[in-house]
Amino acid sequence: QDPFWCSLSMPGASTPVVVLAFLACSHALPVPVVEEDVSPADRQQAKEFLSHFYDYNANARHDIFREKIKEMQSFFGLKVTGNLSPETMDMMKKPRCGVPDVANFKVFPGRPRWPTNTLTYRIITYTPD
């Protein structure tokens, strides 16, 4: 057996030592995120882009912004970091159509539907192949 796990089950081990030993070996500790220099104008443009194309809500949790950035980076085949890298900002600044990239999008408000599910058509001209 692994000696670390044996020390956790020892009756004589004190709780602070066990907790410190576990924290020292844990890879799930929060790591400060170093974000590249992003101007306030670029950050605002990113928020507007994400709200239009990725269903981002500015009033949601702070980490939702990073999740939406990651989703966008993955969609465009960029390096997925969750940070506003220059490559990410360049992709956001490119001209594009107004259709969102992710599911649950609405092009028209109110979700209009065709009144019928039956489609009829007629071919007027065709080539005689």
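Predicted model only: the values in this text are computed from it and were never measured.
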If I take atom [atom1] from residue [X] and atom [atom2] from residue [Y], how far apart are they, to the nearest 0.5 angstrom?
X	Y	atom1	atom2	value
Glu67	Ile69	CD	CD1	11.5 Å
Phe65	Leu84	CZ	CG	4.5 Å
Lys70	Asn83	NZ	CG	8.5 Å
Lys68	Tyr54	NZ	OH	9.5 Å

- Task: Grab the two heavy atoms, one from Gln45 and one from Met92, that are nearest each other, plus how far apart they are.
- Result: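 What the structure gives for the nearest pair is NE2-O, 4.3 Å.
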*Where Ala46 and Met89 come nearest, the two heavy atoms and their spacing*: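 Shortest heavy-atom contact: CB-SD, 4.3 Å.
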Given the options Asp42, Val80, Leu78, Thr81, Thr88 meets side-chain contact (heavy atoms from CB on, under 4.5 Å) only with Leu78
Practice problem: Would you check if Phe49 and Arg96 make a side-chain contact, meaning some heavy-atom pair closer than 4.5 Å? | Solution: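 In short, these two side chains touch, coming nearer than 4.5 Å.
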- Task: Flag the pair Ile64 / Asn57 as yes when at least one side-chain heavy-atom distance between them is below 4.5 Å, and no otherwise.
- Result: no
#### Entry: Ser74 (side chain) donor-acceptor with Glu71 (main chain) under 3.5 angstrom
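No, Ser74 side chain to Glu71 backbone: no donor-acceptor pair under 3.5 Å.
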- [ ] Start with the C-alpha distance between Gln73 and Lys79, add both sets of side-chain angles, then the distance that settles side-chain contact (heavy atoms from CB on, under 4.5 Å), and finish with yes or no.
- [x] CA-CA 6 Å; Gln73 290 168 333; Lys79 183 178 178 185; over 6 Å; no
